[in-house]
Amino acid sequence: MLRVEGLCKHFGGIRAVDQCSFEIAKGSISALIGPNGAGKTTAFNCISRTMEPTAGKVWLDGKRIDHLKPHKVTRLGLSRTFQITRSLEDLTVLENLCVQATSHGFARLVGPSISEEERAKAEEILDFLGISRLAYEQARNLSYGQRKLMDFAALLMSDPKIILLDEPAGGVNPRLLDDIVEHIRALHARGLTVLIVEHNMELVMSLCEHIVVMAQGRVIADGPPDAIKANPEVLEAYLGASTAAEETSDAEAAHV
Ligand SMILES: Nc1ncnc2c1ncn2[C@@H]1O[C@H](COP(=O)(O)OP(=O)(O)OP(=O)(O)O)[C@@H](O)[C@H]1O
Ligand SMILES: [Mg+2]
């Protein structure tokens with residue numbers, strides 16, 4: 001469903017994504033994991049074309065997408081969430097879904113209101129996610145967890161073939177987490193391909209059949225959960241990262 005070859009994104013001297021290659025099988029639930037700063041979000045940005053990569057090729061269901069505008073990529077069936085939730089605060093949840101779905105920019109916002117078809121679709125998705133009661137709530141009034149669900153709902157408006165989720169479990173309470181996991185499984189059962197960036201290892205190991213591990217911009221491991229768990233390089237990357245973080249906080253503490 002997704003093939004990434006030699007993907008690179010450099011910010012000046014920082015190689016945020018460095019020669020990344022991996023494939024995500026149709027109908028799978030896969031994860032892209034790695035320590036903070038590994039380049040996961042940047043890779044998502046480059047794949048979904050919200051960021052111009054420095055180099056690399058990306059195929060979606062056999063078609064090259066690495067030269068397309070983000071809305072074209074969405075139209076071809078790839079939909080992604082953002083690590084930090086984004087919404088139009090003054091609009092209702094239903095309006096947010098419809099606006100974000102097609103996102104034809106400003107003209108869309110000042111243009112005619114939502115079509116009946118879009119409204120029906122948004123209502124169906126909100127119902128599927130069990131948040132119909134929030135349809136006419138302004139986004140500004142939503143809790144963090146409700147925003148996550150709204151993002152999730154918006155993702156489905158474009159009838160995606162594959163969804164890229166950036167830390168769906170980040171900062172949500174255990175009950176909502178269960179809820180989100182259940183929805184991911186239900187979507188997968190309907191044939192959707194799912195790629196998740198997530199730090200919650202328990203969730204990743206139980207949900208995903210295939211894991212790609214990044215560290216310092218590079219893919220360092222790729223395989224099923226058991227192989228990844230037993231991979232010394234992966235362990236090293238995580239331990240190295242936490243040691244570095246500890247050293248930084250030690251240094252900060254010493255400084256204080
Ligand atoms: N716009 C940018 N300009 C400069 N450097 C950036 C930019 N975006 C990301 N980086 C750098 O690129 C590297 C990878 O960042 P990225 O956000 O992709 O990591 P991540 O794996 O998603 O981390 P996390 O798990 O913390 O979300 C980091 O060193 C980061 O500081
Ligand atoms: Mg990130």
Side-chain angles (χ1 to χ4, degrees), residues 2 4-24 29-58 65-66 69-70 73 78-87 144-145 147-148 151-152 154-155 162-172 177 180 184 194-205 207-208 210-223 225 228-229 231 233-249 251-252:
L2 185 69
V4 175
E5 202 180 279
L7 191 68
C8 295
K9 178 68 189 179
H10 302 168
F11 298 107
I14 300 172
R15 290 167 181 248
V17 176
D18 190 15
Q19 289 292 338
C20 269
S21 299
F22 59 87
E23 284 184 36
I24 303 301
I29 306 187
S30 305
L32 180 60
I33 66 167
N36 293 115
K40 307 176 298 292
T41 297
T42 306
F44 265 20
N45 289 340
C46 292
I47 292 167
S48 63
R49 302 283 304 148
T50 49
M51 196 179 259
E52 188 71 32
T54 308
K57 296 175 184 163
V58 181
I65 57 165
D66 47 79
K69 294 258 188 288
V73 174
L78 184 144
S79 204
R80 56 84 58 99
T81 59
F82 290 86
Q83 188 167 359
I84 297 161
T85 64
R86 311 197 309 178
S87 59
Y144 179 77
R147 270 166 202 266
K148 283 258 175 190
D151 284 356
F152 205 70
L155 193 71
I162 179 169
I163 55 173
L164 272 47
L165 306 170
D166 200 350
E167 299 197 22
V172 309
L177 181 57
I180 290 175
I184 293 173
V194 184
L195 177 61
I196 306 177
V197 163
E198 185 49 62
H199 286 291
N200 182 331
M201 281 310 124
E202 211 181 307
L203 177 107
V204 166
M205 295 297 168
L207 190 62
C208 303
H210 169 213
I211 300 174
V212 177
V213 188
M214 280 181 78
Q216 297 178 342
R218 305 191 78 110
V219 172
I220 59 160
D222 186 330
I228 295 298
K229 266 191 249 181
N231 185 317
E233 260 193 88
V234 174
L235 208 61
E236 164 95 30
Y238 275 95
L239 287 178
S242 61
T243 310
E246 271 164 27
E247 276 165 9
T248 312
S249 60
E252 276 164 8

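In listed order, ligands and their atoms are each counted from 1.
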Participant: Does any N or O atom in Gly34 lie less than 3.5 angstrom from one in ligand 1, N or O only?
Facilitator: no
Participant: I'd like to know if the side chain of Ser79 and the backbone of Ile163 have a donor-acceptor N/O pair within less than 3.5 Å.
Facilitator: no
Participant: Does ligand 1 have any atom sitting under 4.0 Å from a heavy atom of Lys9?
Facilitator: no
Participant: Heavy atoms, side chains only, cut-off 4.5 Å: are Lys148 and Pro168 in contact?
Facilitator: no
Participant: When you measure from the side chain of Glu167 to the backbone N and O of Ala169, does any donor-acceptor pair fall under 3.5 Å?
Facilitator: no
Participant: So, Asp18 and Arg218, do they make that salt bridge, N to O below 4.0 Å?
Facilitator: yes
Participant: Is there a nitrogen or oxygen of Ala38 sitting under 3.5 Å from a nitrogen or oxygen of ligand 1?
Facilitator: yes
Participant: Only heavy atoms of Thr41, strictly under 4.0 Å: list the atoms of ligand 1 that pass.
Facilitator: 17 (O), 18 (O), 20 (P), 22 (O), 27 (O)
Participant: Between the side chain of Asp166 and the main-chain N/O of Thr41, is any donor-acceptor distance below 3.5 Å?
Facilitator: no
Participant: Against heavy atoms of Glu167, which atoms of ligand 1 measure under 4.0 Å?
Facilitator: 25 (O), 27 (O)
Participant: Should Ile14 be counted as touching ligand 1, given the test is an N or O pair under 3.5 Å?
Facilitator: no
Participant: Taking 2.8 Å as the cut-off, does Asn36 contribute an N, O or S atom near the Mg ion (ligand 2), distance below it?
Facilitator: no
Participant: Between Lys229 and Leu235, is there a side-chain heavy-atom distance shorter than 4.5 Å?
Facilitator: no
